[in-house]
Amino acid sequence: MPELPEVEVLVRHLAPMLEGKTIRGVQVRRERVLRPTTEAGLKRELRGAKFVGVIRRGKFLLFTLRRSTGRSTFTLLGHLGMTGRMFLQPVNAPVAKHAAVFLALGKLDFVFEDTRYFGRFTLDTGPIKLLGPEPFGDEFTPGYFAEALRRSAQPIKVKLLDQSLVAGVGNIYASEALFDARISPRISARRLTREQIERLRRSIRNVLSAAIVFGSTVPLDWSGASRGDGLFYYGQYGGVPGVYEERLQVYDRAGHPCPRCGASIKRIVQAARSTFFCPRCQCGGSG
DNA sequence: CACCATGTTCCTTG
DNA sequence: CCAAGGAACATGGT
């Protein structure tokens with residue numbers, strides 16, 4: 001469930017349930033997701049520790065924990081990769097097939113489950129130091145954005161996936177933001193005009209915040225026990241018929257009419273990932 | 001069987 | 001040294 005909006009909604013959901021809870025036991029079923037932390041190391045740090053806060057940074061979840069001994073705190077870093085999920089369930093609930101880590105919290109278990117095991121659940125906080133500004137943060141200014149884009153010859157769509165440029169935009173919302181800004185995904189980042197850059201910055205913010213609102217408004221089934229697994233990202237929302245279909249404008253909609261001009265949405269491949277856009281609205285010029 | 005998938009990192013190439 | 005492109009990671013859906 002991986003881009004910024006999905007992680008934000010998850011963090012808001014988890015924070016009030018985790019804060020104040022003490023970790024009484026740790027079970028690791030897939031050590032790979034801890035990399036480079038070891039199972040022994042994770043258990044040593046987490047046992048007896050208490051959750052004091054949960055925040056988001058880019059697509060990462062940062063769990064702040066207080067050690068049972070003393071007052072010091074430390075950070076547990078989570079990342080959902082492509083298919084990760086986190087939820088609480090009763091102690092005796094059935095074990096998810098790809099559950100990677102369980103934290104015993106008393107009556108409930110906290111579960112990190114990830115089908116493909118690309119996600120992370122680790123004490124290594126190094127990755128967050130590489131992130132660019134938050135899209136909603138004060139540092140994500142037009143000046144910063146313009147300066148960063150000026151130094152890149154990559155297509156703008158590819159550049160938006162660079163987490164050191166701006167943190168949290170992924171493959172779905174990169175296409176959506178460029179559609180909203182009426183900018184061709186193929187334009188070299190350095191060739192964007194000042195006006196396009198400011199429009200894109202606003203579109204990134206608008207598209208992400210609209211998705212957060214959507215995810216906060218819709219009923220979600222976090223453990224996904226039922227088939228209509230409630231996580232609201234692409235392809236997963238199984239709630240009100242028609243709602244999901246109307247949410248994304250271009251992503252995964254090749255061959256459908258553009259909601260703005262009616263032209264056929266196109267799919268292209270950039271940096272080995274799919275990009276969706278309207279060849280008429282997003283012709284690369286001033287829009 | 002073929003191809004596709006919300007992400008990141010590492011390796012190679014230029 | 002840097003940028004860019006591709007493969008790898010691992011599993012499942014269509």
Could you tell me the separation between the CG atom of L4(A) and the P atom of dG7(B), rounded to a whole number of Å? 11 Å
Compute whether any side-chain donor of one residue and acceptor of the other, for Q270(A) and T275(A), lie under 3.5 angstrom apart. yes
Quick test of the criterion, 5.5 Å between centres and less than 30° between planes. Is F118(A) stacked on dA10(C) or not? no
Between K59(A) and dT6(B), is there a contact of a side-chain N or O with OP1 or OP2 at under 4.0 Å? no
Nearest-neighbour nucleotide for the T115(A) side chain, dG12(C), dA10(C), dA4(C) considered: dG12(C)
If I take atom CZ in residue F60(A) and atom C1' in nucleotide dT9(B), what distance separates them, rounded to the nearest angstrom? 11 Å
Return the orientation label for the F110(A) and F63(A) ring planes: parallel under 30°, perpendicular over 60°, tilted otherwise. perpendicular
F179(A) six-ring centre to R260(A) NZ/CZ under 6.0 Å and within 45° of normal: yes
How long is the line joining CZ of R85(A) and P of dA5(B), in whole Å? 20 Å
At under 4.0 Å, does any side-chain N or O of Y251(A) touch on OP1 or OP2 of dT6(B)? yes
Phosphate oxygens OP1/OP2 of dT11(C): is one of them under 4.0 Å from a side-chain N or O of H98(A)? no
S274(A) vs dA5(B): side-chain N/O to OP1/OP2 distance below 4.0 Å: yes
Ignoring hydrogens and angles, are the base of dA5(B) and the side chain of R273(A) linked by a donor-acceptor pair under 3.5 Å? no
Under 4.0 Å between a side-chain N or O of R30(A) and OP1 or OP2 of dT11(C)? yes
Report yes if at least one side-chain N or O of K97(A) is closer than 4.0 Å to OP1 or OP2 of dG12(C); otherwise report no. yes
Want to settle it: does R267(A) or L130(A) sit nearer the 5' end of DNA chain B, counting the closest nucleotide to each? R267(A)
d(CG, L161(A); C1', dT8(B)) in whole Å: 11 Å
